[in-house]
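Everything below concerns the one structure shown next.
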Amino acid sequence: MPYGPWKKKNKATKEHLVENEEVSGGHAGAGSLGKSAVNGAGLPAPPASMRPKLVFHTQLAHGSPTGRIEGFTNVKELYAKIAEAFNISPPEILFCTLNTHKIDMEKLLGGQIGLEDFIFAHIKGIKKEVEVYKSEDALGLTITDNGAGYAFIKRIREGSVADEVKVICVGDQIECINGCNIVGTRHYEVARMLKDLPRNKSFTLKLVEPMKAFEMLEPRSKGGKPGNDNKIGTGRSTLRLRSKGPATVEDEPTEFDEKAIKKVDDLLESYMGIRDTELAATMVEVGRDKNNPDEFAMALDETLGDFAFPDEFVFDVWGAIGDAKQGRL
């Protein structure tokens, strides 16, 4: 954000990946597909003269003057432009939200930005270290990444192991697991690391929370499930960012796109413990004109070759796309 992040698909084998466990994406991220971009090998970034001449307004989420940015085609370039506008280092940026300064995971910047959207950048705040006793197989965390090397917590399931550790919060970057620095590790790999930690033993997390202004201090958030009314962007058109290849201005997502992407994103969380709207959008795009699940599976292999999705997952995604086409979602 092909048949699974941990091993290539065995055509004769059916298996589930991480079950209801920790990975999201967002978000996160506009650059979340890495090598698995829509066009496989990817395209070189276009020259500055060919990039979309669009201007966006931005602020630091904890408070700042308003800046103007333009000329970016992917999330890393976006972070660089924001950093330049506020004279900070790009690695200081954890993630961005659209149209709110709050740590609202439903407004997390993903692969598309509405042409009228206001971008809020959340930067590094307090570092903290916590010891967690893993009393159950699942910690109850959903993880996403920011498209630039940081994995962070997108959701905490109520009543879970992680929910009992009140210092762990939605929006926290996971910097280290048991002393192992995981910066640069993809969200699904972080989820697997957490899943594979032995049960009935303690482990240590080093976290970095987003900087907060005084008025932003509020009760700890669990991170809500995206609702059906969670539109992408506020204008009629959006700028779609890709990790490889040029950004493109596209029409606002259709009802089919929104419902299909949401359902596929839900399936990613169920099977792999991640949320990644850009990966979900890519899968919907791949399946839009396919006639049967075999054709879809082959196209998915070509497009997202770094993933090894299990057969059941691919079949469920195909079903979700079909349901969206028929208006059953």
Side-chain angles (χ1 to χ4, degrees), residues 1-18 23-27 29-43 110-112 186 188 226 228 230-232 237-238 240-329:
M1 202 32 306
Y3 288 42
W6 303 298
K7 59 183 176 180
K8 292 294 180 183
K9 177 174 182 278
N10 183 334
K11 298 290 185 182
T13 302
K14 292 187 176 182
E15 59 189 356
H16 281 71
L17 295 180
V18 180
V23 187
S24 172
H27 39 192
S32 62
L33 294 182
K35 291 187 296 182
S36 306
V38 174
N39 56 354
L43 297 172
Q112 292 180 313
R186 290 302 312 277
Y188 56 79
N228 290 331
N230 183 24
K231 304 291 185 181
I232 303 176
S237 298
T238 63
R240 181 167 183 183
L241 306 178
R242 291 185 170 90
S243 55
K244 298 289 182 68
T248 55
V249 176
E250 301 178 353
D251 290 337
E252 188 177 38
T254 64
E255 183 178 3
F256 160 76
D257 290 323
E258 290 182 343
K259 290 185 175 180
I261 290 169
K262 179 185 180 300
K263 181 61 178 179
V264 174
D265 202 23
D266 289 344
L267 289 171
L268 282 169
E269 182 173 31
S270 176
Y271 277 86
M272 297 170 61
I274 69 173
R275 294 198 76 88
D276 190 328
T277 54
E278 177 64 9
L279 177 57
T282 299
M283 298 180 78
V284 170
E285 195 172 282
V286 168
R288 186 187 302 272
D289 60 350
K290 301 303 179 288
N291 298 313
N292 56 66
D294 288 338
E295 189 178 324
F296 174 59
M298 291 178 64
L300 212 55
D301 268 326
E302 294 175 0
T303 305
L304 299 172
D306 288 351
F307 290 79
F309 302 123
D311 287 342
E312 294 93 336
F313 172 74
V314 174
F315 188 79
D316 284 349
V317 170
W318 172 253
I321 294 172
D323 286 345
K325 287 179 179 178
Q326 299 299 321
R328 293 193 292 264
L329 292 182

- prompt: Does CZ in Phe315 sit with more than 12 non-hydrogen atoms of other residues, nucleotides or ligands closer than 6.0 Å?
  reply: no
query: Roughly how far, to the nearest 0.5 Å, is CD of Glu258 from NZ of Lys262?
result: 11.5 Å
- request: Could you list the residues that satisfy side-chain hydrogen bond (donor to acceptor under 3.5 Å, both in side chains) with Asp257, not counting sequence neighbours?
  value: Thr254, Arg288
- line: Sorted by chain and residue number, the side-chain hydrogen bond (donor to acceptor under 3.5 Å, both in side chains) partners of Glu295 (sequence neighbours excluded) come out as none
task: Any pair with a residue in residues 318-329 that passes side chain to side chain donor-acceptor pair (under 3.5 Å), sequence neighbours left out, goes on the list, sorted by first then second residue, please.
output: Asp323-Arg328
query: Looking at Tyr271 and Asp316, what are the two nearest heavy atoms and their distance?
result: OH-OD2, 2.5 Å
message: Please give me the minimum heavy-atom distance between Asp265 and Ala280, naming the atom from each residue.
response: N-CB, 3.8 Å
Atom pair CD1/CG of Ile261 and Asp266 - distance to nearest 0.5 Å: 12.0 Å
- prompt: Is the closest side-chain donor-acceptor distance between Tyr188 and Asp276 under 3.5 Å?
  reply: no
statement: Asp294 meets the side-chain hydrogen bond (donor to acceptor under 3.5 Å, both in side chains) criterion, sequence neighbours left out, with none
task: Quick one: closest heavy-atom pair of Val317 and Phe296, and the distance?
output: CG1-CZ, 3.6 Å
Least distance between heavy atoms, Gly110 atom then Thr277 atom: CA-OG1, 4.1 Å
message: Looking at every non-hydrogen atom in both residues, tell me the closest pair between Leu268 and Phe313 and how far apart they are.
response: CD2-CZ, 3.5 Å
